[in-house]
Amino acid sequence: MAKVILPGGEVREARGLTFLELLGPNAKEAAAALVNGEIRDLREEVPEEGEARILTLSDPQALEVLRHTAAHILAHAVLRLFPGTKLAIGPAIADGFYYDFRFESPITHEDLARIEEEMRRIVAEDLPLERVWLPRTEAERLLQEKGEVYKLELLEEIPGEKISFYRQGEFLDLCRGPHLPSTGLVRHFKLLDLAGAYWRGDPHRDMLTRIYGTAFATAQELESFLRWREEARRRDHRVLGPSLDLFSIQNETVGAGLVLWHPKGARIRRIIEDFWVAEHYKAGYKLVYTPHIGRSRLWQISGHLDFYRESMYAPIVIEDQEFFLKPMNCPFHISIYKTKTRSYRELPIRYCELGTVYRFERSGVLHGLLRVRGFTQDDAHIICRPDQVEEEIKRVLRFALHILRAFGFTEFTAYLSTRPEKYIGNPEDWERATEALRRAAEEEGLSYEVKAGEGAFYGPKIDLEVQDSLKRPWQLTTIQFDFNLPERFDMTFIGPDGREHRPYMIHRALLGSLERFFGILIEHYGGAFPVWLAPVQAVVLPVSEKDIPYAEEVAEKLRAEGIRAEAWTREGKTLRWLVREAQLQKIPYILVCGAREAAEGKAALRLRTSENLGPQPLPEIIARIRAADSSRSTAL
RNA sequence: GCCAGUGUAGCUCAAGGGGUAGAGCAUCCGCCUUGUAAGCGGAGGGUUGCCCGUUCGAGUCGGGCCACUGGCUCCA
């Protein structure tokens, strides 16, 4: 006899019944059953023995089932509205679900509303979802009859003779399940997007139409998800960038994927760079500068021309010599290393550079600041002895976390990518490097995931992913071993034994690229930068034109204290207008100066949060702003 | 690169199923002298992404290109 734990905690014993029968009229919110850690249909029979737990809709584990069923409802609705549409796959994903279709003629966003309406009808019909097992031959015949070419392909890969289908009303779909017992339980869902997707992610195969949607157990969860989505849209750096006058990208004239940093964006970048450089010097790095182009010989040695050429800009020919825009900084850093014979005593050498590189990215993948063609890597190459590897890796990782925390990131996940099938170098080096990465992650208390075989051919790596204020993941830091370039460039150092040895080389970028990182920062802070990064920290507003001289005096005093302050003295603008403008610019401090303040050497302080603190003595305001600046916190 | 959608003033958007482009904000010029999220009036601003075609006539219809958006793919 199996024990079945009901949602309320009550335990029942049963035999020969399905879960649904066991539950009877109490089945209302029941979604699935958890049997030995596996999620099963409620229409299945209670197992002979062991333990089972009934999951309700509000169980996190049931969410995937709910969404998978929602995907079926989507496909069902599509087939009702667009007969002849071919079905591909329809899984649950992190934020919802999708289904891939091949429509006979294109559909548009307007069709989504119709499809959603039809889905609601299917939900209202409360159709039972029943599992149907068909013998392989019959399954094949059935799918052939329907012309479901994609399903037939999937079928080929399914082992066994009994093939699982699910039926709801007139809709029957090849599917491994599990599913909710009935369509009526999918109450809170919404279709979100329409996109193209290749069949099996292969660009040589059919392009399908993917419909994205999401579903939740409760209306509140759906609503808060949609609000979150709306908030993310509002924070889009491509919207905030121009409206805060931070940067622009002008593809018709300047070029796609090439970023113009406006004065305010440049101010922020400079602060980031100054911080970055200062911290690197403190951490024992040596800053270098290298050119934007290099002769083809260099890129031949590095192998870029052989393996990376399609991502490089076409050569520039001068005096019969070919030069290439650099896609990476490493060959230059290595060239500096090689200017003389290096002793083991010199190592480790840590070269760092904010190096601007150019890579040809296909136009379809360009995306604001996040995916561009010209960008500045916060790059470094660490060249060290084998016995220093572990210590160096720990240092880099610790350093990376230190830098990222300064920018307000507190949640990290590490991904350790290990040796792929095709690799270069010897397995012992790989082993040593991989273990160093692993131990460093463990020592820093990072939760990490191993991506087996996902390393580049030239070395293992560890990537750090941060979560922004909206809990969205961004991969920033990458720390990567390279067993290839030291070979290619024949990098050596003289050991204590007087012989030449091959050093280890580690590539690393902490922020990734300044462009991408800036885009992420804009979204992370929603444009409201903490004081230390704010391009304008304080704005001084005169109440009327008579107060302009005092406003200018106040701004001057703040600037003398190293505060980035401006007096806004435009004629013909009311205080109301100026305050609104300052708020929209998300300037942290607004200092209102009128006759009353001038008389007492004060300014009325209003914060970006709209909090109005009234007149304050200037020294107090200055101290407050300076404290907020040096703390690097978001507090005002 | 691929699929779908979109492209009108600096920005956000209008112009019934072809009839010769309009509003708000911004800009400029005045007036107002302002006390914490838009004071008032006026003016300028467009080869409707580009090219070709259909038509008496194209922002609107057709074809090609370009760009962007959402994805997919790529990221030695």
Side-chain angles (χ1 to χ4, degrees), chain A residues 98 100-103 105-112 192-212 233 236 238-239 242-243 245 248-253 255-257 299 302-312 327-328 330 359-368 371 420 422-424 455-459 475 478 480 482 484-485 488 507 512 539 541-548 570-586 590-597 603-608 610-615:
Chain A
Y98 68 79
D100 284 347
F101 303 99
R102 197 180 75 207
F103 286 93
S105 57
I107 66 159
T108 65
H109 274 89
E110 280 84 80
D111 294 317
L112 287 189
L192 301 172
D193 266 312
L194 197 57
Y198 297 111
W199 168 234
R200 317 219 106 179
D202 183 342
H204 304 295
R205 310 206 56 184
D206 293 355
M207 173 58 75
L208 306 172
T209 303
R210 177 171 295 178
I211 297 178
Y212 284 97
R233 204 189 56 75
D236 190 326
R238 293 166 305 173
V239 177
S243 76
D245 200 14
S248 63
I249 295 172
Q250 305 173 22
N251 19 64
E252 285 84 6
T253 45
W299 307 108
S302 70
H304 284 90
L305 285 182
D306 289 336
F307 299 105
Y308 201 68
R309 187 162 193 153
E310 68 207 32
S311 296
M312 289 169 71
M328 295 184 193
C330 14
R359 295 180 186 176
F360 176 72
E361 300 275 7
R362 293 163 188 213
S363 58
V365 307
L366 298 176
H367 181 87
R371 199 67 188 272
K422 284 175 73 179
Y423 69 98
I424 197 168
F457 76 87
Y458 50 80
Q475 197 237 294
T478 181
Q480 205 155 349
D482 192 328
N484 183 39
L485 291 180
R488 283 184 161 268
H507 306 263
V539 67
L541 309 181
V543 171
S544 82
E545 284 173 26
K546 293 193 286 285
D547 306 308
I548 288 177
R570 274 190 52 180
E571 293 170 19
K573 295 296 177 193
T574 57
L575 179 63
R576 291 167 64 77
W577 189 92
L578 293 168
V579 167
R580 178 167 190 271
E581 195 57 25
Q583 290 277 167
L584 290 176
Q585 290 293 313
K586 302 178 194 285
I590 299 169
L591 280 64
V592 175
C593 290
R596 295 202 293 270
E597 288 77 15
L605 185 61
R606 177 186 169 114
L607 304 180
R608 173 165 65 193
S610 294
E611 192 181 347
N612 192 344
L613 301 175

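No hydrogens, no waters, no symmetry mates; every other heavy atom, side chains included, goes into these values. Residue numbering restarts at 1 for every chain, and letters A, B, ... go by the order of the sequence lines.
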Roughly how many Å apart are [M] and [N], using the [atom1] atom of each and rounding to a whole number?
N	M	atom1	answer
B:rG41	B:rA4	C1'	47 Å
B:rC28	B:rG45	C1'	10 Å
B:rG19	B:rC2	P	35 Å
B:rG18	B:rG71	C1'	35 Å

Checklist entry - Which atoms form the tightest heavy-atom contact between A:A582 and A:I590, and what is the distance? => result CB-CD1, 3.6 Å

Checklist entry - Got a second to check how far A:H507's NE2 is from A:L485's CG, nearest 0.5 Å? => result 5.0 Å

Next on the checklist: Does B:rG70 have OP1 or OP2 under 4.0 Å away from a side-chain N or O of A:R238?
Outcome noted: yes

Item to check | For A:W577, all residues meeting ring pair (Phe, Tyr, Trp, His ring centres under 6.0 Å), sequence neighbours excluded | outcome: none

Item to check | Those residues that, when tested against A:F101, pass ring pair (Phe, Tyr, Trp, His ring centres under 6.0 Å) (two or more places apart) | outcome: A:Y99, A:F103

What does [N] pair with, Watson-Crick or G-U, if both distances are under 3.5 Å?
N	value
B:rG70	B:rC3
B:rC31	B:rG39
B:rG22	B:rC13

Return the value, rounded to whole Å, for the distance between atom [atom1] of [X] and atom [atom2] of [N].
X	N	atom1	atom2	value
A:E571	B:rC31	CD	P	10 Å
A:I211	B:rC3	CD1	P	18 Å
A:D100	B:rA4	CG	C1'	13 Å
A:E545	B:rU34	CD	P	11 Å
A:R102	B:rC2	CZ	C1'	16 Å
A:L366	B:rC66	CG	P	14 Å

Next on the checklist: Nearest to the side chain of A:A256, heavy atoms from C-beta on, is which of B:rU34, B:rC68, B:rU36?
Outcome noted: B:rC68

Item to check | Out of B:rU34, B:rU27, B:rG35, whichever nucleotide has its closest atom nearest the side chain of A:R570 | outcome: B:rU27

Item to check | Of A:L208 and A:L605, the one whose closest RNA chain B nucleotide lies more 5' | outcome: A:L208

With a 3.5 Å cut-off and sequence neighbours excluded, list the donor-acceptor pairs that the side chains of residues 304-311 of chain A form with protein atoms.
residue: A:H304; atom: ND1; partner: A:S302; partner atom: OG; Å: 2.5
residue: A:Y308; atom: OH; partner: A:R359; partner atom: NE; Å: 3.4

Next on the checklist: Closer than 3.5 angstrom, by distance alone: can the side chain of A:E611 be matched with the main-chain N or O of A:R606 as a donor-acceptor pair?
Outcome noted: no

Checklist entry - Has the side chain of A:D236 got a donor or acceptor atom that lies under 3.5 Å from a matching backbone atom of A:R233? => result no

Checklist entry - Heavy atoms under 4.0 Å, any strand shown: does A:E597 hit a base, just sugar-phosphate, or nothing? => result base

Could I get a table of every N or O pair under 3.5 Å where one atom is in the protein and the other is in nucleotides 7-14 of chain B?
none

Next on the checklist: Output one letter per nucleotide in nucleotides 71-76 of chain B: B when a protein non-hydrogen atom lies under 4.0 Å from the base, S when only the sugar-phosphate is that close, - when neither is.
Outcome noted: BBBBBB

Checklist outcome for this item: Heavy-atom contacts, protein to nucleotides 37-47 of chain B, under 4.0 Å, summarised as B (base), S (sugar-phosphate only) or - (none) per nt, yield BBB--------

